[in-house]
Amino acid sequence: DQQVKQNSPSLSVQEGRISILNCDYTNSMFDYFLWYKKYPAEGPTFLISISSIKDKNEDGRFTVFLNKSAKHLSLHIVPSQPGDSAVYFCAASGRTGNTGKLIFGQGTTLQVKP
Amino acid sequence: DGGITQSPKYLFRKEGQNVTLSCEQNLNHDAMYWYRQDPGQGLRLIYYSQIVNDFQKGDIAEGYSVSREKKESFPLTVTSAQKNPTAFYLCASSAGPPNYGYTFGSGTRLTVV
């Protein structure tokens, strides 16, 4: 039962263009969403997050959009840079129990070509 | 510098052997987590602990054990009962509610030989 899904295993974009990474979730109790970036043989690093009371959060080149009715979120990177090439994980957490557990998607490998 | 340290970076295990992965943090975080990464499957939760001397099973706890005797330390033992232990193991810590996010260690690559 995959509660958080990233249906695109990989994405390739040209440097300077927009990268759009997508994530779908099934549990309506999720109220906080995060994106992490991971390089090979390293731990993931936090990128950006969004609370369910918002529909957009922006941080520099990174913007996360949340569509609660569709249970869908997306990460936009503009402009894309070669250093953005990595695996991106979306993650979700819910209020229930407030354990702080994050449920991760499968990840999307982004390649930004110079 | 505050952070979370995993060791060793690479670990080889023989069939039938137990091995322990170390995870230490100096961030004063209450919660700690162990995840396993396999290709195409993302990060799956093995065990987590929200406070010293307490821990809970995650989604794939079978064949693993943990302890939380100190706030700073959350070691993971991969036992011989874990039939497919070859994977990349990630430890994380968090100050509390999910909006604080996780800080991850750099991971341990475990290979069965």
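Just so you know, these numbers use all the heavy atoms, side chains as well, and skip hydrogens, waters and symmetry mates.
Taking a 6.0 Å sphere around NZ of A:Lys5, one finds it holds 12 or fewer heavy atoms contributed by other residues, nucleotides or ligands. The 12-atom threshold is exceeded at NZ of B:Lys9, counting heavy atoms of other residues, nucleotides or ligands nearer than 6.0 Å.
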Is there a side-chain hydrogen bond (donor to acceptor under 3.5 Å, both in side chains) between B:Tyr33 and B:Ser94 once you walk through the steps? CA-CA 8 Å; B:Tyr33 307 84; B:Ser94 172; 4.7 Å; no
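Put simply, the side chain of B:Ile51 does not reach to within 4.5 Å of the side chain of B:Asp30, judged on heavy atoms.
Both the backbone and the side chain of B:Leu43 come within less than 4.5 Å of a heavy atom in chain A. In this structure, the portion of B:Gln37 lying under 4.5 Å from any heavy atom of chain A is its side chain and not its backbone. The contact between A:Pro44 and chain B is made by backbone and side chain atoms together, counting heavy-atom distances below 4.5 Å.
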